[in-house]
Amino acid sequence: MKIAFVGKGGSGKTTLSSLFIRHLAATGAPVVAIDADINQHLGAALGLDEAEAAGLPAMGEHLPLIKDHLRGTNPRIASAAEMIKTTPPGEGSRLLRVREDNPVYDACARPVRLDPGAVRLMVTGRFTEDDLGVACYHSKTGAVELCLNHLVDGRDEYVVVDMTAGSDSFASGMFTRFDVTFLVAEPTRKGVSVYRQYKEYARDFGVTLKVVGNKVQGPDDLDFLRDEVGDDLLTTVGHSDWVRAMEKGRPPRFELLEEANREALRTLTAAADAAYGARDWARYTRQMVHFHLKNARSWGYERTGADLAAQVDPGFVLGETVAAPA
């Protein structure tokens, strides 16, 4: 399942996504974790020290390799240089799978050992001084979007993406690439404002949106969230001494996480697993094509000089049964 964590800055989005990743790893499930947030804190939340986190390879720096691998023998794409972040797969494209080894993972993913289990971690890379005034952060997430477009994941496989804060996720079509989106909201007016934006933007795209209340301290907080988000409220997380210790760099064994918070993580997993039965690969592919053509008209034709509409394979539908090219 492809799972996104979104929320306003400071909501605890990265902390909760890291707890969810730890929980999945503890069950022995294969997990690919992706840090697509501008602040790049997921590595630290998973226990990496500052030097280890800084040494993670940035996906954006390997974009030519990613494009060349994913293009495969697709006859509709003349060269990797003609691919943009929204280019959809077609006959002959190479697809990514969670459990495999491939050149993209070799270049961009690093194993992170947890207590217990392990995950593959990929990061977009930090927004640096060199980018100021000349680059939009969403240019860095293009590698993530391209990989998600070519990713085939099955039951009991998980791809967890820590998205950038606020409503910035809607600057691309990446918000439609997930089976379920967990929106982390504090019990405050500002905390639920991003929820309203997300709900409005996602309405026409069939996005499954579930709210996770964070920093909930009592019945009043719970009542507030129920009044504001209604049935979209999936579960809540309260104070955690385990998280406080983790933020100090001294996490106890994960099995010592408070039972109430472990139950919340089990609820998230159940919601993600339930989304598998609602998958519609045809709709997923149509949305992929929709945003590709939209980006092509907006800037892609001018930038590449290529007929990007011709990259769309009208007979191709992404899915678990698609065979790998010979």
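Scope of the values below: all heavy atoms of this structure, side chains included, with no hydrogens, waters or symmetry mates.
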Are V211 and M1 grouped together when hydrophobic residues (ILVMFWY) are joined by side-chain heavy atoms under 4.5 angstrom apart? no
Go through the steps to decide whether R266 and D273 satisfy the test salt bridge (charged side-chain N to carboxylate O under 4.0 Å, His left out), and finish with yes or no. CA-CA 10 Å; R266 287 192 285 267; D273 290 346; over 6 Å; no
Ring centres of F291 and F205 under 6.0 Å apart? yes
Could you walk me through whether L19 and N261 pass the side chain to side chain contact (heavy atoms under 4.5 Å, CB included) test, one step at a time? CA-CA 9 Å; L19 290 177; N261 292 330; 5.9 Å; no
4.5 Å side-chain heavy-atom contact, K190 and K8: yes
Nearest 0.5 angstrom please: K215 NZ to T15 OG1, how far? 8.0 Å
Do you see a donor-acceptor pair shorter than 3.5 Å between the side chains of E82 and T304? no
Output, in order, the C-alpha distance, side-chain angles, deciding distance and verdict of side chain to side chain contact (heavy atoms under 4.5 Å, CB included) for L209 and F182. CA-CA 6 Å; L209 182 65; F182 293 135; over 6 Å; no
Please report the shortest heavy-atom distance between W299 and K85, naming the atom on each side. CZ2-CE, 4.2 Å
What residues form a side chain to side chain donor-acceptor pair (under 3.5 Å) with T235, not counting sequence neighbours? none
Side-chain donor/acceptor of T188 to backbone N/O of G191, under 3.5 Å: yes
Which atoms form the tightest heavy-atom contact between P314 and V312, and what is the distance? CD-O, 3.3 Å
Looking only at heavy atoms, which two atoms of R76 and N74 are closest? And how far apart? N-OD1, 2.9 Å
Examine distances only and state if a side-chain atom of H23 and a backbone atom of S18 form a donor-acceptor pair shorter than 3.5 Å. no
Decide yes or no for P89 and L70: does some side-chain heavy atom of the first lie under 4.5 Å from some side-chain heavy atom of the second? no
Less than 4.0 angstrom from a charged side-chain N to a carboxylate O is my criterion; do D231 and K210 meet it? no
Do R262 and F254 form a cation-pi contact, if we require the NZ or CZ to be under 6.0 Å from the six-membered ring centre and within 45 degrees of the ring's axis? yes
Could you walk me through whether K13 and D162 pass salt bridge (charged side-chain N to carboxylate O under 4.0 Å, His left out), step by step? CA-CA 7 Å; K13 169 181 62 67; D162 182 19; 2.6 Å; yes
Just by distance, no angles: are the side chains of N295 and T86 close enough, under 3.5 Å, to form a donor-acceptor pair? no
Side-chain touch P88/D313, heavy atoms, less than 4.5 angstrom: no
Verify, without hydrogens or angle tests, whether W281 (side chain) and V317 (backbone) share a donor-acceptor contact under 3.5 angstrom. no
For the backbone of R279 and the side chain of R283, can you confirm whether one donor and one acceptor N or O come within less than 3.5 Å of each other? no
Applying a strict under-4.5 Å side-chain criterion to I, L, V, M, F, W and Y, I'd like to know whether I34 and L121 cluster together. no
According to the side-chain hydrogen bond (donor to acceptor under 3.5 Å, both in side chains) rule, which pairs have a member within residues 44-71, sequence neighbours left out? none
Note: Y301 and A309 closest approach over all heavy atoms is OH-CB, 3.4 Å
Would you sort out whether L46 and R22 count as a side chain to side chain contact (heavy atoms under 4.5 Å, CB included), showing the intermediate values? CA-CA 8 Å; L46 292 174; R22 288 176 183 270; 4.3 Å; yes
Evaluate the side-chain proximity of V159 to V98: yes if any heavy-atom separation is below 4.5 Å, no if none is. yes
Look at the side-chain heavy atoms of Ile, Leu, Val, Met, Phe, Trp and Tyr, link any pair under 4.5 Å apart, and say whether L257 and V184 land in one connected group. yes
Scanning both residues in full, the closest heavy-atom pair of L234 with A271 reads CD2-CB, 3.8 Å
A side-chain contact here means heavy atoms from C-beta on lying under 4.5 Å apart; do F178 and V180 qualify? no
Between Y276 and V160, is there a shared hydrophobic cluster once you connect ILVMFWY residues whose side-chain heavy atoms come closer than 4.5 Å? yes
Would you say R99's side chain and E157's backbone share a donor-acceptor pair under 3.5 angstrom? no
Check for me, please, whether M163 and L56 land in the same ILVMFWY cluster - side-chain distances under 4.5 Å, paths through other members count. no
Does the pair L233 and L222 meet the rule for a side chain to side chain contact (heavy atoms under 4.5 Å, CB included), with working shown? CA-CA 10 Å; L233 182 62; L222 183 58; 4.0 Å; yes
Non-hydrogen side-chain atoms of V192 and F224 separated by less than 4.5 Å: yes
Any side-chain heavy-atom pair of V119 and V32 under 4.5 Å: no
Rounded to the nearest 0.5 Å, what's the gap from NE2 on H292 to CG on N149? Could you check? 9.5 Å
Please tell me whether S11 and E186 have a donor and an acceptor in their side chains that are separated by less than 3.5 angstrom. no
Taking the inter-plane angle between the rings of Y158 and F20 on a 0 to 90° scale, is it parallel (under 30°), tilted (30 to 60°) or perpendicular (over 60°)? perpendicular
Do D232 and Y195 meet the criterion of a side-chain donor-acceptor pair at a distance under 3.5 Å? yes
SG/C108 to CZ/R120 distance, rounded to the nearest 0.5 angstrom? 11.5 Å
With a 4.5 Å heavy-atom cut-off, do F5 and L268 have their side chains touching? yes
Taking all non-hydrogen atoms of both residues, which atom of L148 and which atom of K2 are closest, and how far apart? O-CE, 4.0 Å
Using the ring centroid of each side chain, check whether Y201 and F175 are separated by less than 6.0 Å. no
Polar side-chain atom of D35 near backbone of H41 as donor-acceptor pair, under 3.5 Å: yes
